[in-house]
Amino acid sequence: MPAERPIAIRPLARAELPSGAAALARWLLGKTLVRQRQDGRISGRIVETEAYVSGDASGHAFKGKTARNASLFLERGHAYVYFIYGCWFSLNISAGRAGVGTGVLLRALEPLEGFDLMVRRRPGAKLSDIARGPGRLATALGITRELDGLDLCTGRGALWLGDAVRPAGRLRRSTRIGISRETTRLLRFYEEGSPFVSGPRGR
DNA sequence: GTATGGATGTTCT
DNA sequence: GAACATCCATACT
């Protein structure tokens with residue numbers, strides 16, 4: 001809901017982030033993503049993530065480092081933004097040591113601040129749909145390639161990670177969505193019962 | 001409520 | 001030329 005004043009959000013330091021995509025993906029649930037724009041601040045609780053682990057055939061880093069996926073090979077806590085299906089951006093967070101190539105896809109947010117700013121980019125969307133799904137999340141927050149490679153552990157700037165403002169609920173896991181390889185691995189994590197999670201009612 | 005298919009651009013074969 | 005970590009409108013039950 002739109003807050004009159006900014007919520008107090010404590011920035012996360014890199015040392016706090018677990019290393020490894022699966023560990024980071026679980027740990028990020030309940031944490032806060034903050035998008036600072038000219039016209040104000042957008043923030044949300046992370047309620048759904050997917051891990052793309054090292055050596056994972058469905059991960060973009062699988063075939064090695066290229067110009068496109070270079071940000072996945074940065075030390076954990078950096079943004080990897082890519083363009084997909086000709087229409088959408090997706091936001092990932094690198095999860096390993098420098099040079100490894102692993103990350104966490106952010107799939108859905110529960111809005112905390114800046115709902116009006118999100119609606120401006122996704123006219124007509126309901127609160128519960130505004131950042132439900134990776135493409136919608138990126139659109140609602142105005143995330144584009146410009147943010148690719150950004151360090152999210154600075155506590156300031158255009159995009160950064162903050163601590164949970166409310167503890168994460170019960171954690172659930174499932175197979176990942178929208179991939180054609182390594183489809184049986186349980187590397188999608190989400191908060192149980194959250195209406196802000198993508199997919200048909202849990203899974 | 002679910003199912004289907006089109007749109008769109010970048011990357012890599 | 002194909003595949004792609006998706007979304008939305010439309011057409012159904």
Side-chain angles (χ1 to χ4, degrees), chain A residues 20-29 33 44 46-74 76-96 100-111 118-150 152 159 161 172-191 194-203:
Chain A
L24 182 62
R26 310 173 59 116
W27 183 84
L28 281 172
L29 290 181
L33 181 68
I46 298 167
V47 295
E48 181 185 356
T49 60
E50 281 179 359
Y52 288 85
V53 300
S54 183
D56 184 342
S58 64
H60 287 187
F62 184 59
K63 291 179 182 169
K65 187 170 168 179
T66 65
R68 179 207 197 191
N69 66 20
S71 299
L72 270 181
F73 292 80
L74 297 171
R76 69 187 191 279
H78 288 81
Y80 165 48
V81 179
Y82 63 89
F83 192 61
I84 190 69
Y85 296 126
C87 317
W88 314 103
F89 289 100
S90 278
L91 173 64
N92 295 244
I93 301 178
S94 64
V100 173
T102 181
V104 174
L105 171 66
L106 298 190
R107 290 193 56 92
L109 292 184
E110 171 184 337
M118 292 193 255
V119 169
R120 208 172 289 173
R121 295 204 146 241
R122 298 202 357 96
K126 295 183 301 183
L127 178 67
S128 59
D129 276 341
I130 196 88
R132 181 171 171 274
R136 294 167 174 179
L137 185 161
T139 301
L141 269 59
I143 287 170
T144 67
R145 252 189 295 267
E146 294 169 22
L147 302 179
D148 185 42
L150 196 70
L152 304 180
L159 192 66
L161 286 169
R172 292 191 54 101
R173 64 191 304 176
S174 79
T175 54
R176 293 171 292 183
I177 294 176
I179 55 170
S180 55
R181 285 178 292 193
E182 310 249 16
T183 55
T184 61
R185 304 179 80 163
L186 297 175
L187 290 173
R188 171 174 173 255
F189 303 93
Y190 60 98
E191 188 178 54
S194 170
F196 304 98
V197 169
S198 74
R201 269 251 271 235
R203 180 157 82 94

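In what follows, chains carry the letters A, B, and so on, assigned in the order in which the sequence lines appear, proteins first and then strands, with residues in each chain numbered from 1. Predicted model, so just to flag it, every value in this text is computed and none were measured.
Listed here is the closest heavy atom pair of A:Glu110 and A:Val47: CB-CG1, 4.0 Å. The two atoms that bring A:Tyr80 and A:Asp148 nearest to each other are CA-OD1, 3.4 Å, heavy atoms only. Annotation for A:Ile130 and A:Met118: closest pair CG1-CB, 3.6 Å, computed over non-hydrogen atoms. Between A:Leu24 and A:Ile93, the shortest heavy-atom distance links the atoms CD2-CG2, 4.2 Å.
A straight line from OH of A:Tyr82 to P of C:dA3 spans 18 Å, rounded to a whole angstrom. Atom P of nucleotide C:dC4 and atom CZ of A:Phe62 are separated by 13 Å, given to the nearest angstrom. Note: CH2 (A:Trp88) to P (C:dT6) measures 12 Å, nearest angstrom. Taking atom CG of A:Asp129 as the reference point, atom P of C:dC7 lies 10 Å away to the nearest angstrom. Note: CZ (A:Arg132) to P (C:dC8) measures 10 Å, nearest angstrom. To the nearest angstrom, P of C:dC7 lies 9 Å from CD1 of A:Ile177. The interatomic distance linking A:Lys126 (NZ) with C:dC7 (P) rounds to 15 Å, in whole Å.
Side-chain nitrogen and oxygen atoms of A:Arg188 include none within less than 4.0 Å of the OP1 or OP2 phosphate oxygen of C:dA5. Applying the 4.0 Å criterion to OP1 and OP2 of C:dC7, one finds that A:Arg122 has every side-chain N and O outside that range. Taking only side-chain nitrogens and oxygens, A:Ser180 comes nearer than 4.0 Å to OP1 or OP2 of C:dC4.
At least one donor-acceptor pair under 3.5 Å links the side chain of A:Asn69 to the backbone N or O of A:Gly64. Not a single donor-acceptor pair under 3.5 Å links the side chain of A:Arg122 to the backbone N or O of A:Ala140.
Contact annotation for A:Arg181: no contact, since no heavy-atom pair falls under 4.0 Å across all strands. Residue-level contact check: A:Leu105 touches the bases, meaning some heavy atom is under 4.0 Å from a base atom. Counting non-hydrogen atoms under 4.0 angstrom, A:Ser58 reaches a base of the nucleic acid.
For residues 46-55 of chain A, every residue pair satisfying the side chain to side chain donor-acceptor pair (under 3.5 Å) rule, not counting sequence neighbours, is listed here: A:Glu48-A:Arg107, A:Glu48-A:Arg188, A:Glu48-A:Ser198, A:Glu50-A:Tyr52.
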Look for any protein N or O under 3.5 Å of an N or O in nucleotides 9-13 of chain B and output each such pair with its distance, or none.
residue : atom : partner : partner atom : Å
B:dC12  : OP1  : A:Thr66 : OG1          : 2.9

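Ring planes of A:Phe89 and A:Phe83: tilted class, angle from 30 to 60°.
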Test side chain to side chain contact (heavy atoms under 4.5 Å, CB included) on A:Val53 and A:Arg185 and set out the steps. CA-CA 10 Å; A:Val53 300; A:Arg185 304 179 80 163; 3.7 Å; yes

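Stem analysis of DNA chain C (Watson-Crick or G-U pairs, both distances under 3.5 Å, runs of at least three) returns B:1-7 with C:6-12, B:9-12 with C:1-4.
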